[in-house]
Amino acid sequence: MLTAEAFTQKLEVSTIHISGNDRTKDFVILREVPISEGDSILSEDLEAIKKDIVRNITNTSLTNFIDVKFDTISAGQIACNIKIHERWYIWPNIIFSLADPNFSTWIQDKNPERLNYGFSISDFNFRGRREKLTVNFQNGWTRKVGINYQIPGLNKKRTLGGGFEFYYSNNREINHQLLFNPEEYIYNKRDFVKATRFIKEEIVARAKLEYRRKFLNTHRWIAGIETIIIDDTVRNANPDYLPNGKTRSQYFYLSYGFKREKRDNKAYPLTGYLIDGSVDHRGLGILNKNDVFLTEALITVNFHHQIKGRWFFGHGYKGKLTPIGAPPYYFQRGLGYSNNFVRGYELYVIDGQHYILHKNNIKYQLIRKQTIDLKTLFRKFDKFHYSVFLNAFSDAGYVIDNLNGSSNPLANTWQYSCGLGLDFVTYYDLVVRFEGSINKLGNPGFYVNFRCPI
């Protein structure tokens with residue numbers, strides 16, 4: 001091992017050795033290593049380089065554990081030894097997901113008809129090249145069949161990536177507007193229309209190209225054709241569901257995005273930052289006249305800091321602008337979907353054309369990262385790690401709705417909340433959050449979520 005006296009030397013990287021990669025090709029791991037054989041580096045930079053290697057490989061989602069060591073070979077020469085513990089990559093999944101915006105919304109009604117179920121096969125390291133292949137067969141609230149193939153290395157330097165996605169889906173029940181009934185104190189809930197036949201169909205075909213020159217920055221371009229078909233039942237319930245009262249909308253989809261990823265762990269980051277933005281455009285007036293013509297700009301900026309010891313602080317910002325076009329209901333997505341919501345408002349949906357969302361977290365690592373050897377016969381699962389965090393949070397959000405504000409009372413005004421939570425973090429990027437909160441409306445609540453909030 002290197003001695004303390006060597007900390008001002010100039011060292012040559014003689015070899016880089018990778019072990020533990022039973023399936024992953026060496027060049028996939030080497031793509032994430034910021035040094036090459038023959039490079040000269042200062043010994044005082046070794047610790048920073050080690051952290052960069054661990055961060056870059058961790059964020060490929062190919063490994064559960066990574067160990068990096070620099071060993072002295074001779075005077076002025078070192079070897080970089082990288083040992084990884086691979087994940088299990090092929091998952092024959094039983095699909096069991098929620099059609100509601102989040103778990104808390106579904107658990108309120110416990111409607112079994114709003115479940116998606118089925119079967120899919122995903123290979124997250126197809127051919128050992130970090131390619132992702134998913135074939136999907138889904139039934140339930142949304143019936144869906146599709147294929148998704150992502151290739152991160154189209155050229156020898158693995159700076160270019162690409163992929164394609166195709167799926168077809170249909171529904172017998174959809175939400176077509178916000179429910180607003182002030183006499184019964186019902187507002188900002190989704191209102192549904194249902195039939196025995198299929199009342200909505202979607203056909204989506206997209207291709208993607210990515211450019212990642214080094215490690216932190218990724219540019220992406222997406223192009224495709226999307227088709228939405230609805231039944232007269234939906235149009236009668238909401239004539240503005242699709243553009244100009246149409247029952248069929250077909251358009252070109254174009255998108256450019258940029259991402260700078262410098263978090264220590266993208267599944268549950270403690271240090272670093274993320275910048276991720278895109279400009280998405282739907283409609284060129286070629287396939288159908290008087291159809292959708294809509295441009296959206298989205299931005300996410302998150303920061304994570306270690307205050308001292310086990311104390312950490314994170315704050316994040318998300319924003320959306322719709323500078324071109326007046327979106328019909330199908331294309332309106334404000335706060336309340338996926339991970340874009342003010343905590344404490346899990347049971348509400350706030351549609352709109354523009355929004356800003358700010359989240360804050362201060363957390364204490366109640367249980368440091370623990371590793372347990374399960375001594376199983378399956379190497380991909382024989383080591384289990386977990387940690388637990390206690391956190392306090394405050395969120396604020398503002399949605400601008402210039403089209404349906406009269407039936408969307410939580411829009412066009414600030415919404416905010418605060419609360420306490422307990423986060424359980426373990427391997428395979430699993431996060432379970434238990435949170436108690438109170439919002440501006442004075443509603444207390446206890447919620448369970450499965451993604452890192454910031």
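Any value given below was found using the heavy atoms of this structure, including those in side chains, with hydrogens, waters and symmetry copies removed. Everything numeric here is computed off the predicted structure, so don't read it as measured data.
For Tyr256, the ring-ring contact (aromatic ring centres under 6.0 Å, His included) partners two or more places apart in sequence, or in a different chain, are Trp221. A search for ring-ring contact (aromatic ring centres under 6.0 Å, His included) contacts involving Tyr355 returns nothing, not counting sequence neighbours. In this view, Glu261 and Arg263 satisfy the side-chain hydrogen bond (donor to acceptor under 3.5 Å, both in side chains) rule, not counting sequence neighbours. Not counting sequence neighbours, Arg368 has no partner by the salt bridge (Lys or Arg N to Asp or Glu O under 4.0 Å) test. The ring-ring contact (aromatic ring centres under 6.0 Å, His included) test applied to Phe393 returns no partner, not counting sequence neighbours. Residues forming a salt bridge (Lys or Arg N to Asp or Glu O under 4.0 Å) with Arg158 (at least two apart in sequence, or on another chain): none. Arg220 is linked by a salt bridge (Lys or Arg N to Asp or Glu O under 4.0 Å) to Asp276, counting only residues two or more places apart in sequence or in another chain. For Arg23, the side-chain hydrogen bond (donor to acceptor under 3.5 Å, both in side chains) test picks out Asp123, with sequence neighbours left out. Shown here are the ring-ring contact (aromatic ring centres under 6.0 Å, His included) partners of Phe312, two or more places apart in sequence or in another chain: there are none.
Judged by a 6.0 Å distance limit and a 45° cone about the ring axis, Lys157 is not positioned over the six-membered ring of Phe27.
The minimum heavy-atom distance between Val33 and Ile29, with the atom names listed, is CG2-O, 3.4 Å. Nearest heavy-atom pair across Leu347 and Lys189 is O-NZ, 3.1 Å. Taking each heavy atom of Asp291 and Pro243 in turn, the nearest pair found is OD1-CG, 3.6 Å. Heavy atoms only, all atoms of each residue included: Asn339 and Pro453 are closest at ND2-O, 3.8 Å.
Side-chain polar atoms of Tyr273 and Arg260 form a donor-acceptor pair below 3.5 angstrom. With 3.5 Å as the limit, one finds a donor-acceptor pair spanning the side chains of His358 and Asn360. Between Asn188 and Asn408, the side chains place a donor N or O and an acceptor N or O closer than 3.5 Å (distance only, hydrogens not considered). Side-chain contact check for Gln177 and Ser407: no donor-acceptor pair (N or O, by modelled atom type) lies under 3.5 Å. Donor-acceptor pairing under 3.5 Å is recorded for the side chains of Arg197 and Thr233.
Between the CG atom of Leu366 and the CG atom of Leu390 there is a distance of 6.0 Å, given to the nearest 0.5 Å. Taking NZ of Lys208 as the start and CZ of Arg206 as the end, the distance is 10.0 Å to the nearest 0.5 Å. Asp231 contributes atom CG, which lies 7.0 Å from atom CD1 of Ile199 (distance to the nearest 0.5 angstrom). Atom OG1 of Thr295 is separated from atom CD1 of Ile324 by 3.5 Å, given to the nearest 0.5 angstrom. Taking CG of Leu242 as the start and CD1 of Ile230 as the end, the distance is 4.0 Å to the nearest 0.5 Å. Note that NZ of Lys262 is 10.0 Å distant from CG of Asn56, once rounded to the nearest 0.5 Å.
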Walk me through whether Asn238 and Asp191 qualify under side chain to side chain contact (heavy atoms under 4.5 Å, CB included).
CA-CA 11 Å; Asn238 184 353; Asp191 194 15; over 6 Å; no
Go through it in stages, so that I can follow the logic: the residues are Val193 and Ile174, the test is side chain to side chain contact (heavy atoms under 4.5 Å, CB included), and I'd like the CA-CA distance, side-chain angles, deciding distance and then a yes or no.
CA-CA 6 Å; Val193 59; Ile174 63 169; 3.8 Å; yes
May I have the step-by-step check of salt bridge (Lys or Arg N to Asp or Glu O under 4.0 Å) for Arg212 and Glu32, ending in yes or no?
CA-CA 11 Å; Arg212 179 172 172 247; Glu32 309 304 322; 2.5 Å; yes
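Classified by interplanar angle (parallel below 30°, tilted 30° to 60°, perpendicular above 60°), the ring pair Tyr386/Phe424 is parallel. Ring geometry, Tyr317 versus His315: the interplanar angle exceeds 60°, so the pair is classed perpendicular (tilted spans 30 to 60°). Classified by interplanar angle (parallel below 30°, tilted 30° to 60°, perpendicular above 60°), the ring pair Phe164/Tyr149 is perpendicular.
Legend: salt bridge (Lys or Arg N to Asp or Glu O under 4.0 Å) pairs involving residues 278-287, not counting sequence neighbours, sorted by first then second residue: Arg282-Glu296. Residues in residues 397-415 take part in no salt bridge (Lys or Arg N to Asp or Glu O under 4.0 Å) pair, two or more places apart or across chains. Applying the salt bridge (Lys or Arg N to Asp or Glu O under 4.0 Å) definition to pairs two or more places apart or across chains, those involving residues 410-432 are Arg87-Asp429.
In this structure, Phe293 has its ring center closer than 6.0 angstrom to the ring center of His281. When ring centroids are compared, Tyr251 and Phe331 come within the 6.0 Å threshold.
The pair Lys200-Glu202 meets the salt-bridge criterion, since a charged nitrogen lies less than 4.0 angstrom from a carboxylate oxygen.
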